[in-house]
Enquirer: 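Before I ask anything, let me first share the structure, which is written out below as structure tokens.
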Amino acid sequence: MRGRVRVSCLVSALLAAPRQSLCRWRSACDRRLTAAASRIPPPGSASRLPPAMKQRSIASFFGSPVVGARGGPSSSGGDGGRVKALEPGAAPKRPGDEPKPTSKPQAAQARSPPKGKRPSQDYGVDAPRKPKRLRKAKGQGKAAQPEGVAAEEDVIDSQMESPRNEEGRGQAASVADVAGACLADSGKEDGSQGADHSDTESDADSRTSASSESEVSAENLGGRKAGKNGIAEPGGGTPGKGKATRSPAAKKRGKKKAAQSKAGKVEGVGAASEAAAALYSEFKEEDYEDWDAAKGAPYKVLTDTFQKIGNTTKRLEITLLLTNTFRRIIKRSAGDLLPAVYLCVNRVAPAHEGLELGLGDATLIKAIAQATGKKEALIKSQYEESGDLGTVAVSARHTQRVLFPLPPLTISGMFQAFKAIAMAQGSKSQDQKKQMIGKLFVSSKGNEAGYIVRSLQGKLRIGLAEQTVLTSLAHAVLLERDSTSGKGSLAERLEKAAQTVKQVYSLCPTYNVVVPALLEHGLDDLSKHAPFSPGMPVRPMLAKPTSGVSEVLDKFSDCAFTCEYKYDGERAQIHVWHDDAGKQKVQIYSRNAENNTSKYPDLVARMASCLKEGVKSAVLDCEAVAYDIQQKRILPFQVLSTRARKDVTVTDIKVQVCLFCFDCLYFNGRLLFQEPLTGRRQVLNSVIKEKEGEIQFAKAMVSREVEELEGFLNDAVAAGTEGLIVKTLDATYEPSQRSLNWLKLKKDYLEGCGDTFDVVPIGAWHGKGKRKGGYGSFLLAIYNPGLEELQTICKIGTGFSEEQLKELSDQMRGYVIGKPKKYYSYGETLIPDVWFDAKAVWEIKAADLSISPVHQAARGMADPSKGISIRFPRLVRVRDDKAPEDATTAEQVTEMYQQQTLVQAKKKSRRDMD
DNA sequence: TTTAGGGCCGG
DNA sequence: CTCGCTT
DNA sequence: AAGCGAGACGGCCCTAAA
């Protein structure tokens with residue numbers, strides 16, 4: 001109920017005002033030039049640590065025998081841990097059936113130069129080599145045997161903590177030593193990295209022995225690094241900064257392709273495929289001693305691969321590494337392919353099943369602390385410092401000692417474990433999750449713990465994601481299973497295979513179906529074995545931002561296009577069909593394939609009366625927008641967002657919704673993806689019965705006159721929408737995320753338009769992953785001259801280049817103060833890691849303003865108690881010419897907020913008069 | 001029973 | 001969602 | 001141009017704690 005009250009308030013407040021942003025005056029207030037203060041960047045002051053938390057006894061968290069580490073601060077709880085249940089790592093078994101992985105790490109780069117290798121602690125012994133099979137014997141071999149193992153672990157760890165990144169790629173040589181052949185050939189960087197890439201894989205093993213030399217100061221699990229800018233690259237400069245090399249072939253496709261969408265034919269083989277083809281020819285089987293079909297693939301097979309993938313940014317190489325790993329899995333234990341794929345894409349189930357891990361940094365930190373017997377505060381501070389919770393976990397684990405070996409983690413075991421964690425719910429579920437995580441840690445070796453954590457965080461952060469996984473999957477299957485089928489060169493077949501798999505997956509987004517189909521039937525006729533079917537979400541087509549009408553005209557210079565209003569609601573992909581019993585079924589999916597059916601019982605009920613005669617089945621692409629029935633007007637997104645989300649009952653609905661349809665992907669048993677937009681629109685017309693306020697067609701027009709376009713854009717904004725979506729009329733529907741054949745034109749993208757603010761950075765948070773070492777985001781404030789306060793308006797984390805971010809971090813470090821000034825007004829729940837003195841002024845841009853539950857800007861002015869914040873803030877530039885007192889004022893912010901709603905209302909009433 | 005924190009998801 | 005970086 | 005990974009606000013929902 002509370003929700004409802006709030007809703008109605010909001011509705012009335014926003015009623016009149018769908019967003020709008022006319023060109024308002026820019027905040028350019030005036031300029032009292034203040035000399036740009038010279039900045040001396042002293043080392044930042046220490047950030048505050050969170051209150052220490054209670055430490056718990058470690059023993060109780062280990063599922064297996066562990067001994068408190070030596071040396072470690074674990075003294076309090078931990079020494080003398082006692083043995084408990086064993087249960088080797090794998091998975092807490094639950095009825096979970098399918099494998100899925102999830103993991104997401106976030107890593108961070110070093111915030112300070114690698115401090116050299118850690119004194120390899122030799123404690124941890126974890127190296128069980130016992131096959132999982134045997135594990136039932138709970139107590140087998142309880143002798144702990146540290147030494148040998150310890151040595152091994154150190155080796156592994158060091159590799160794991162990969163070099164890559166900040167160290168710069170220039171040092172390919174040393175990297176190669178450590179990381180393995182993977183980078184070996186990068187010596188020849190430029191050019192021909194082709195040829196003998198092959199061993200990338202094979203040497204992988206070699207590293208096991210060879211890499212003891214890895215003195216590389218490791219940073220962490222190979223992660224996307226800070227990039228070349230951060231640290232100057234010693235060696236030969238920046239390799240490919242420019243777009244030096246681009247294959248002619250690639251060049252050729254280009255705008256043409258975008259314009260006239262490609263249906264599905266391979267036109268010319270990309271250079272990438274050619275290169276890949278060459279590399280694949282030297283695939284070698286890699287040996288993992290503890291891997292045989294019966295035991296299943298060791299998790300290490302994957303983490304080793306992740307490690308190597310994390311050490312490069314080259315896509316070809318990433319694809320190669322993963323493909324080879326998949327090939328080995330197919331050869332030796334094909335049943336592990338599905339779980340392996342899930343682990344690679346870091347999911348525990350298909351999106352539409354809605355199963356999630358339910359873990360975030362906060363819980364993971366607790367879990368790590370518990371599992372290792374360290375204090376939460378310590379883990380937290382290490383995380384702040386390293387920016388990578390995975391690394392923290394690996395090093396924390398060093399201090400544990402296992403009394404006797406546990407079987408190695410396996411791919412399928414990990415998947416099951418993640419799934420079990422995801423399925424835990426209800427009372428005590430948090431504890432259960434933490435326990436399960438603890439068990440995984442205990443059984444992990446080397447860098448495994450790091451990837452476990454990253455996976456649980458939901459960010460693998462190694463530059464590997466769905467598209468690449470699909471490509472590798474296709475390549476692996478082609479090479480292992482269909483190597484002789486098909487025509488054309490290997491490169492052509494590889495390209496086609498990848499395309500096939502991506503296309504099939506986009507229509508049947510479930511690895512549970514696609515992977516088995518690939519293994520059983522191969523690539524030929526894959527779509528028959530993993531077919532689209534109504535009720536199963538399809539990846540929606542997305543639009544790409546543009547900077548103005550001229551860019552649109554340029555991109556679509558040689559083709560006919562159309563514009564549609566870009567409604568500010570949420571994507572709704574509506575499936576309607578009849579089941580075998582003849583009953584009408586409706587399912588509604590979000591842009592990310594989440595099943596929103598239970599959120600929109602009103603829409604489900606409405607569909608029956610919205611379809612024309614003879615419509616048996618259809619898939620509609622729409623935007624669900626909050627709608628005021630009385631006033632007959634659309635409402636801002638903020639209103640829509642207050643709707644209840646789960647198991648909604650029609651009678652409880654407070655925010656009504658109107659559907660704006662703009663595409664039809666399926667009609668009476670026929671897929672329409674290959675049809676041009678023109679054709680799909682015709683079908684759409686024959687499917688939908690428009691009803692004002694319930695279901696309407698998105699407003700559209702066709703023209704290529706600049707003035708008309710601009711006029712239409714203005715109308716769109718005045719009507720309360722975000723702008724326009726521009727589409728070529730002959731474009732097919734390209735489901736996969738990568739095909740951005742639609743363009744979005746929003747007012748705030750336009751230069752000189754949209755709202756800008758001059759704000760004062762008064763605090764910041766440490767960066768994670770790629771941004772480790774500097775700040776990752778800043779807390780910004782505007783000026784309230786009346787109260788003489790600096791009031792927070794938003795945080796910002798985008799708009800700066802890596803280089804600029806580093807500069808800003810260094811500069812701001814010089815302004816760090818121990819505690820906030822008394823004249824800072826901020827939300828108690830939004831405390832930055834560090835506070836700054838008010839010195840700098842930055843110009844930022846935003847889409848629009850909203851009443852905020854946490855920010856204080858203009859508090860009491862637009863809303864009696866709340867402040868104002870902004871949507872989609874990004875940095876425009878630094879204003880060295882301004883002083884904090886010149887910042888945008890609370891009054892100005894308030895006025896902008898009012899304008900936003902007023903303008904809208906005015907336009908609306910004018911329309912009504914017509 | 002109520003509330004606060006954490007997580008997920010939407011744009 | 002926006003943005004920047006890399007291939 | 002594609003793909004990836006940094007980061008933003010605000011809302012509901014669930015769980016744990018008060």
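Note on naming: letters A, B, ... go to the chains in the order of the sequence lines (proteins, then strands), and numbering restarts at 1 for each one. Since this is a predicted model, take the numbers as computed values, not measurements.
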Enquirer: Quick one: the dot-bracket string of DNA chain C, using Watson-Crick and G-U wobble pairs with both distances under 3.5 Å, [ ] for crossing pairs and | for bases paired to another strand.
Expert: |||||||
Enquirer: Is there side-chain contact between Thr728(A) and Asn741(A), with at least one heavy-atom pair below 4.5 Å?
Expert: no
Enquirer: Would you kindly compare Thr363(A) and Lys566(A) by the position of their nearest DNA chain B nucleotide and give the one closer to the 5′ end?
Expert: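 Between the two, 5'-proximity favours Thr363(A).
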Enquirer: Lys599(A) near the nucleic acid: base, sugar-phosphate alone, or nothing, with a heavy-atom cut-off under 4.0 Å?
Expert: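 Nothing, no heavy atom under 4.0 Å.
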Enquirer: By ring pair (Phe, Tyr, Trp, His ring centres under 6.0 Å), which residues pair with Tyr505(A), not counting sequence neighbours?
Expert: Tyr511(A)
Enquirer: Closest approach to the side chain of His855(A), judged atom by atom: which nucleotide of dC9(D), dG7(D), dG10(B) is it?
Expert: dC9(D)
Enquirer: Do Thr798(A) and dT2(C) share a donor-acceptor pair, side chain to base, under 3.5 Å?
Expert: yes
Enquirer: Looking at residues at least two apart in the chain, or sitting in another chain, which of them share a side chain to side chain contact (heavy atoms under 4.5 Å, CB included) with Ala764(A)?
Expert: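 Here the qualifying residues are Tyr775(A), Phe778(A), Val834(A), Phe836(A).
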Enquirer: Could you tell me whether Arg874(A) contacts a base, only the sugar-phosphate backbone, or nothing, with contacts defined as non-hydrogen atoms closer than 4.0 Å?
Expert: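 Answer is sugar-phosphate: Arg874(A) comes under 4.0 Å of backbone atoms only.
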Enquirer: Just compare dC12(D), dT15(D), dG7(D) and give me whichever is closest to any side-chain atom of Gln430(A).
Expert: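 Nucleotide nearest to Gln430(A)'s side chain: dT15(D).
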Enquirer: So does Asp748(A) pair up with Arg871(A), basic N to acidic O under 4.0 Å?
Expert: no
Enquirer: Between dC13(D), dG5(D), dA16(D), which nucleotide gets closest to the side-chain atoms of Ala465(A)?
Expert: dG5(D)
Enquirer: Just how far, in rounded Å, is C1' of dG10(B) from CZ of Arg643(A)?
Expert: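 Nearest whole value for this atom pair: 14 Å.
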Enquirer: Can you check whether any acceptor in the base of dG10(D) is under 3.5 Å from a donor in the side chain of Arg871(A), or vice versa?
Expert: no
Enquirer: If you check the Arg315(A) side chain, which of dA2(D), dC9(B), dG10(B) turns out closest?
Expert: dA2(D)
Enquirer: Judged by each residue's nearest nucleotide on DNA chain C, which is more toward the 5′ side, Phe872(A) or Leu875(A)?
Expert: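 Mapping each residue to its closest nucleotide by heavy atoms, the 5'-most match is Phe872(A).
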Enquirer: Looking at Lys806(A) and Glu802(A), does any basic side-chain N land under 4.0 Å from a carboxylate oxygen?
Expert: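 No, no charged N to carboxylate O under 4.0 Å.
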